[in-house]
Amino acid sequence: MNLGVVSVRYARALLKCGSQAHLEERVYEDMLCLAQSYLQVPELRFTIDNPMLSSQKKESLLLTASGVEPSDITRNFIRLVLKEGRENALQLMANSYITLYRKQKNIIQGKLITAAAIGAESGNKIKAMVEQRTQGAVEFQTEVNPELIGGFVLEYDTYRLDASVKNKLRTILSQLKK
């Protein structure tokens with residue numbers, strides 16, 4: 001069976017279980033941490049896929065990768081995945097859960113890139129503007145890129161607003177070349 005299909009089925013079941021227990025946000029945080037662990041430690045995937053490693057050690061490793069104190073639902077989910085021998089799809093399951101949760105809660109990811117660090121108040125104003133425009137919650141990430149010279153680049157959903165000095169200079173240069 002296709003790993004994508006399997007991961008989405010497991011993720012849906014986990015979301016349903018979390019929703020029934022009113023712990024879907026806690027499980028979401030666990031899955032965010034697990035997905036981040038897979039990205040930050042590439043060896044985790046190879047270790048979990050190793051058939052020579054016992055299920056108990058895999059479980060311990062995965063629980064540690066899921067955060068400081070993962071929920072009971074996350075613990076049981078990891079045990080189930082290991083029992084069924086589906087640990088090779090756990091990274092996809094975590095990412096599928098994150099996607100399904102964001103879709104259910106109408107959460108959009110946004111990114112603000114500025115030439116210099118901005119204050120919390122300015123960041124909150126931009127976040128509020130995006131939330132008002134999208135009619136949903138926004139998980140906002142800020143980044144500093146001095147190459148912009150000044151201004152900012154705002155990205156969310158499929159929208160991108162480039163109000164950077166670098167972009168304006170590039171536009172002027174292309175107009176002068178014509």
Side-chain angles (χ1 to χ4, degrees), residues 1-113 123 126-127 130-131 133-145 153-161:
M1 186 174 264
N2 185 348
L3 282 181
V5 174
V6 169
S7 66
V8 171
R9 285 183 182 168
Y10 274 79
R12 280 190 185 133
L14 180 60
L15 183 62
K16 186 176 181 180
C17 181
S19 295
Q20 289 173 347
H22 303 291
L23 292 172
E24 68 268 22
E25 186 173 344
R26 177 96 186 276
V27 175
Y28 174 67
E29 292 168 6
D30 294 343
M31 291 298 117
L32 278 174
C33 190
L34 182 61
Q36 194 64 33
S37 294
Y38 270 107
L39 290 176
Q40 291 176 344
V41 185
E43 295 84 13
L44 178 62
R45 181 172 184 80
F46 299 115
T47 304
I48 297 302
D49 288 346
N50 184 351
M52 300 302 288
L53 194 63
S54 70
S55 289
Q56 291 81 15
K57 288 185 180 180
K58 288 180 183 182
E59 181 181 341
S60 175
L61 191 60
L62 289 168
L63 290 174
T64 302
S66 297
V68 177
E69 188 60 39
S71 67
D72 289 337
I73 292 174
T74 301
R75 289 175 184 277
N76 292 335
F77 179 72
I78 288 172
R79 283 186 196 115
L80 174 69
V81 169
L82 290 170
K83 179 183 168 203
E84 296 297 324
R86 298 286 191 180
E87 60 267 21
N88 62 331
L90 193 56
Q91 183 179 10
L92 291 171
M93 291 175 197
N95 288 326
S96 295
Y97 181 89
I98 292 166
T99 302
L100 291 170
Y101 179 85
R102 285 179 178 157
K103 189 173 184 180
Q104 182 185 45
K105 300 292 184 181
N106 195 23
I107 298 173
I108 296 168
Q109 286 189 291
K111 186 175 189 179
L112 177 65
I113 306 167
I126 293 173
K127 182 179 177 182
V130 172
E131 287 177 342
R133 186 169 180 170
T134 61
Q135 301 297 314
V138 176
E139 286 183 352
F140 223 55
Q141 177 185 2
T142 58
E143 184 180 312
V144 176
N145 183 353
V153 177
L154 175 64
E155 300 173 340
Y156 64 90
D157 204 17
T158 59
Y159 182 76
R160 178 181 166 94
L161 171 63

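In this chain, numbering begins with 1 at the start of the sequence shown.
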- Message: Using 0.5 Å steps for rounding, measure from the NZ atom of Lys57 to the CG atom of Leu62.
- Response: 14.0 Å
- For the residue pair Tyr28 and Tyr97, categorise the inter-ring angle as parallel (less than 30°), tilted (30 to 60°) or perpendicular (more than 60°). tilted
- Query: Would you say the side chain of Arg86 lies within less than 4.5 Å of the side chain of Val6, judging by non-hydrogen atoms?
  - Reply: yes
- Query: Minimum heavy-atom separation for Ile98 to Ala35, with atom names?
  - Reply: CD1-CB, 3.8 Å
- Check against side chain to side chain contact (heavy atoms under 4.5 Å, CB included), Leu112 and Gln141: CA-CA 6 Å; Leu112 177 65; Gln141 177 185 2; over 6 Å; no
- Heavy atoms of other groups near Arg79 CZ, more than 12 under 6.0 Å: yes
- side-chain hydrogen bond (donor to acceptor under 3.5 Å, both in side chains) contacts in which one or both residues fall within residues 13-24, not counting sequence neighbours: Glu24-Lys105
- Message: Quick check: closest heavy atoms across Ser55 and Leu82, and the distance to 0.1 Å?
- Response: O-CD1, 3.7 Å
- Query: From Tyr38 OH over to Leu34 CG, what is the distance, rounded to the nearest 0.5 angstrom?
  - Reply: 5.5 Å
- Task: Compare all side-chain heavy atoms of Met31 with those of Tyr101 and state whether any distance is below 4.5 angstrom.
- Result: no
- Does any donor atom in the side chain of Thr99 or Ser96 lie under 3.5 Å from an acceptor atom in the other side chain? no
- Nearest 0.5 Å please: distance from the CG atom of Asn95 over to the CG atom of Leu32. 9.5 Å
- Message: Could you tell me if the side chain of Ile107 sits less than 4.5 Å from the side chain of Val138, heavy atoms only?
- Response: no
- Could you tell me which residues satisfy salt bridge (charged side-chain N to carboxylate O under 4.0 Å, His left out) with Arg45, sequence neighbours excluded, listed by chain and number? none
- Query: Looking only at atom types and distance, does a side-chain atom of Asn50 sit under 3.5 Å from a main-chain N or O of Met52, one as donor and one as acceptor?
  - Reply: yes
- Can a salt bridge be assigned to the pair Arg75 and Glu59 using a cut-off of 4.0 Å between side-chain N and carboxylate O? no
- Leu161 side chain near Val153 side chain, heavy-atom distance below 4.5 Å: no
- Query: Out of curiosity, Ile48 CD1 to Leu61 CG, how far, rounded to the nearest 0.5 Å?
  - Reply: 4.5 Å
- Item | Straight-line distance of Thr134 OG1 to Ile108 CD1, nearest 0.5 Å | 3.5 Å
- Which atoms form the tightest heavy-atom contact between Asn88 and Asp49, and what is the distance? CA-OD1, 3.3 Å
- Item | Side-chain heavy-atom pair Arg102, Glu139 within 4.5 angstrom cut-off | yes
- Gln104 atom CD, over 12 foreign heavy atoms within 6.0 Å: yes
- Task: Would you kindly say whether Asp30 and Ser71 are connected by a side-chain donor-acceptor distance under 3.5 Å?
- Result: yes
- Item | OG1-CD distance between Thr47 and Glu87, expressed to the nearest 0.5 angstrom | 12.0 Å
- Message: Using side-chain heavy atoms (C-beta onward) and a distance below 4.5 Å, is Phe140 in contact with Ile126?
- Response: yes
- Task: Could you tell me which non-hydrogen atom of Leu63 sits nearest to which non-hydrogen atom of Pro70, and how far apart they are?
- Result: O-CG, 3.6 Å
- Task: Kindly indicate whether the side chain of Arg160, heavy atoms from C-beta on, has any atom under 4.5 Å from the side chain of Leu154.
- Result: no
